[in-house]
Structure formats: structure tokens, C-alpha cells
Amino acid sequence: MSESLMIGGESIAPGERKTIDLKLASLVTHTDMHMPVHVIRSKRAGPTLLVCAAIHGDEVNGVEVIRRLCNKISLNRLRGTLIAIPIVNVYGFIHHSRYLPDRRDLNRCFPGSPKGSMASQLAHIFVNEIVSKCTHGIDLHTAAIHRENLPQIRACIEDEDTRMIAEAFQAPVIMDSSVQPGTLRGTAVSLGIPWLVYEAGEALRFDEISIRAGVDGVMNVMRSLNMLARGNRKQAVTPRVAKGSAWMRAPKSGIMRLIIPTGALVKQGDVLGFVADPYGDNETAIVADRSGIVIGRANLPMVNQGEAVMHIARFKNVNAVAGEVESFQVDMEPDWDNEELYPEDAPIV
């Protein structure tokens, strides 16, 4: 690997590890803004993998996934190149917002334009400076605010290379989903780049199971691409591809109490929760109209009639999937004595 990689006008040579501050539009105060880009290159040839997070500025689980990933000792034996960007939408991140200052959703503005809106210009920079230089990509997301997602992969698995890394990630559920116009995944697919979206947890909240699964998943993909040694690690779960999914909706407006967690197996006719008026009268049950696995749910108790409150995915053998999901959740349960979470030598402030 003699060729240098150019990002933001800076060269990263094989064997070099560098953080580049990719220049973005300044704030209205004329404060300079940059997107930190961590690049780790090996002298040994291999793929160029992009792992990015916080395209929606309030989706913070992926930020922690990338922090832990970049501290992995095994990256010293890397083949190829890892590009890790913990915060793509830096504007939304500092304001705890999904959106940019122009109120646009960055993940609906790709591939962008150098003369478009603020979001469009950021998308254009990201595609041309970063995405176009990668061979594979993993985009880390969470559910929207006041919702949570079971860890899951979304990808176009008709593509053989994409299916391979989707299964290698070892999230319990794979959603075979078509691309949406304006998304980063859609742009990457149009460029011929195998691309995964990892969805897990809730906006503005750290979820330890989602974070641990994200770190392990990225490492698993790197092993499958021969960027890291495969080792002898036992496969925790067999990922299952959903046959489809649908949202259950609130039957009326009021105060909602859901009694089913993400990952649960539900049968058609099961009671998922209740909606009542604020005084506790006129309670109405939310009843499942299908069988499947709960892969997402709303957490805000106040709901309006017709709001999406529980996301249920269908599978060919739903009982087997329920067992895989349970095994996954047990395997990912955090060890709170782990020094990775609370190192003994951390400074006391």
C-alpha cells in the first residue's frame, strides 16, 4: 500500500494514524466548525471501511461505539484502512438535535450539492471527501427521540457482499429494506459500496447493550473482511432476516402504558398495552393484529390516536428468532465491573 489517502487536503500514508479536522461551514458567530475524522491505515493492503455515527445529531449511541472501537488494541494489527467518524452532524450534536440549523434532516439530503442548502453542502463534502474513498461502510443510528429500537441491521441483502457483512455483524435481526431517496445508504449503494445501517437504542440516551453489540458487530465485520484476525470467538447468535414489519398504532389519544419490551415475542391477539384518559377512565387495550418480534417501541406515555407505538417484525420461524434474541440479550448484558466502562486509573475530578 504505497498510495496516500487524501482527506480534506491532508495525506495519510500507509502505516499512519491521524485525526483530521474536516472544515465545515462556520456558525453565525463566525466560530469555525470541523468534523473530526479518525484514520487508521495499515502498511498491509486491505479494504477501506468507514464507520460513522450521529448523522442525526441526537443519536449518541454510535459516538460511544466509535470511541470504544478506536481504543481497541487489536487495531494495531489492522489490514487496510479504518475511517471512523463519531459525529457527522456536529451542528445537531451540540444542540442535542436531530437536525441541522436549517431544520433539514441530513439523511434526506445525500448526495448533496456544493451550492445547495447547508445540509446539502455538508452531504456533498461527506460523500466526496469520505464515502467515495471507501470500499465498505457502517452507519450507526438509534431510534428517533422518545422511541427505542432492538439492535438490528438494515441493508439491501440482495447484494451478496452486503449480505455477507450483514450476517457477520451478528445483530439478531436483519431488515432487508430498500433504500430511501436522499439517504446516505442510498448514495453508497449507488456508488457500489456494500453498506449497513445499524439501528439500536434511543436518541439522547446511552444503552449499554446497544453499544456493546455495536462494538462487537463492527469488529465482526472487520474480521469477515480480513481486516483483523478471525480468532476463535464463538458465534453468539444466528441473524434472522425479517419477512416484513409493521407498526401497531394507538387506538385513541391519551396516556399510554406499554407492557411489552423490545425483543419480546408477541402473538396475534396479545395485549401490548393500554391507553386511557389522564384520569384513568375509559381504558382501551392495544391488541396485536399479527405475530412477531417487537423490534421498536415508543417510550413517551402521551400519544395521539393513530401514532405508531410498537414495531413488530414477521419471521418464518418466529419461535426460533425469539430464542436467538433472548440469547443475544443475555450475551450482551453489561458487566458493570468491567474496566472498559469504569477504569480504575480514571482521574477523579
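Excluded from the calculations below are hydrogen atoms, water molecules and symmetry mates; all remaining heavy atoms, backbone and side chain alike, are included. Quick caveat: nothing in here was measured; it's all calculated off a predicted structure.
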* Asked: Going by atom types alone, do Ser177 and Arg185 pair a side-chain donor with an acceptor below 3.5 Å?
  -> yes

* Polar side-chain atom of Ser4 near backbone of Ala13 as donor-acceptor pair, under 3.5 Å -> no

* With a cut-off of 6.0 Å (strictly less than), are more than 12 heavy atoms of other residues, nucleotides or ligands near CD of Gln329? -> yes

* Check: Pro251 and Gln305 side chains under 4.5 Å, non-hydrogen atoms -> no

* Asked: Does some side-chain heavy atom of Leu49 sit less than 4.5 Å from a side-chain heavy atom of Ile83?
  -> no

* **Donor-acceptor contact present, side-chain Tyr91 to main-chain Ala25, <3.5 Å** => yes

* **Neighbour count >12 (heavy atoms, 6.0 Å) for atom CZ, Arg108** => yes

* Under the 3.5 angstrom rule, does the side chain of Glu307 hit a backbone N or O of Asn304 as a donor-acceptor pair? -> yes

* Note: Glu199-Arg147 ion pair, threshold 4.0 Å (strictly below) -> no

* To do: Take Leu196 and Phe169 through the test side-chain contact (heavy atoms from CB on, under 4.5 Å) and record every step on the way to the result.
  => CA-CA 9 Å; Leu196 305 182; Phe169 195 100; 4.2 Å; yes

* Given side-chain contact (heavy atoms from CB on, under 4.5 Å), test Ser224 with Gln170 step by step and report yes or no. => CA-CA 11 Å; Ser224 75; Gln170 288 189 37; over 6 Å; no

* Side-chain contact, heavy-atom cut-off 4.5 Å: Lys133 with Leu5? -> yes

* To do: Would you indicate whether Lys23, at its atom NZ, is surrounded by more than 12 heavy atoms from other residues, nucleotides or ligands within a distance under 6.0 Å?
  => yes

* Answer yes if the side chains of Asn107 and His56 hold a donor-acceptor pair under 3.5 Å, and no otherwise. => no

* Looking just at side-chain N and O atoms, do Glu59 and His141 make a donor-acceptor pair shorter than 3.5 Å? -> yes

* Is the closest side-chain heavy-atom distance between Met35 and Asp21 below 4.5 Å? -> no

* Asked: Do you see a donor-acceptor pair shorter than 3.5 Å between the side chains of His38 and Thr19?
  -> yes

* Structure fact -> Which of Thr135, Ile165, Val221, Thr81 passes side-chain contact (heavy atoms from CB on, under 4.5 Å) with Pro47? It is Thr135

* Does a donor on one side chain and an acceptor on the other come within less than 3.5 Å for Asn220 and Arg223? -> yes

* So, does Glu333 use its side chain to make a donor-acceptor pair with the main chain of Asp331 at under 3.5 Å? -> no

* Asked: Counting N and O atoms only, with roles assigned by atom type, does the side chain of Arg297 sit under 3.5 Å from a partner on the main chain of Ile260, one being a donor and the other an acceptor?
  -> yes

* Going by atom types alone, do Glu202 and Asn299 pair a side-chain donor with an acceptor below 3.5 Å? -> yes

* Would a distance-only check, ignoring hydrogens and angles, find a side-chain to backbone donor-acceptor pair under 3.5 Å from Ser291 to Gln268? -> yes

* Structure fact -> Interatomic distance, CD1@Ile12 vs CE@Met6, rounded to 0.5 Å, equals 7.5 Å

* Below 4.5 Å, heavy atoms only, C-beta onward: do Val60 and Phe93 meet side chain to side chain? -> yes

* Heavy-atom check, side chain of Asn149 versus side chain of Arg154, under 4.5 Å -> yes

* Asked: Distance-only, no hydrogens or angles: does the Arg212 side chain make a donor-acceptor pair with backbone N or O of Met332 under 3.5 Å?
  -> yes

* **Donor-acceptor under 3.5 Å (Glu324 side chain, Val321 main chain)** => no

* Would you say the side chains of Lys252 and Thr284 form a donor-acceptor pair under 3.5 Å? -> yes

* Yes or no on side-chain contact (heavy atoms from CB on, under 4.5 Å) for Glu167 and Ile174, after CA distance, side-chain angles and deciding distance? -> CA-CA 8 Å; Glu167 292 176 345; Ile174 297 173; 4.1 Å; yes

* Can you tell me if NE2 on His95 sees more than 12 non-hydrogen neighbours from other groups inside 6.0 Å? -> no

* To do: Ignoring hydrogens and angles, tell me if any N or O in the side chain of Tyr198 forms a donor-acceptor pair with the backbone of Ser210 under 3.5 Å.
  => yes

* Asked: Is there side-chain contact between Leu225 and Arg79, with at least one heavy-atom pair below 4.5 Å?
  -> no

* Would you please classify the geometry between the His311 ring and the Trp247 ring as parallel, tilted or perpendicular, with 30° and 60° separating the classes? => parallel

* To do: Output yes when a side-chain donor or acceptor of Asn128 lies under 3.5 Å from a complementary backbone atom of Ile125, and no otherwise.
  => no

* To do: Kindly indicate whether the side chain of Ile286, heavy atoms from C-beta on, has any atom under 4.5 Å from the side chain of Met256.
  => yes

* To do: Any chance you could lay out the salt bridge (Lys or Arg N to Asp or Glu O under 4.0 Å) test for Arg68 and Glu208, step after step, and finish with the verdict?
  => CA-CA 12 Å; Arg68 295 187 194 181; Glu208 189 59 28; 2.8 Å; yes

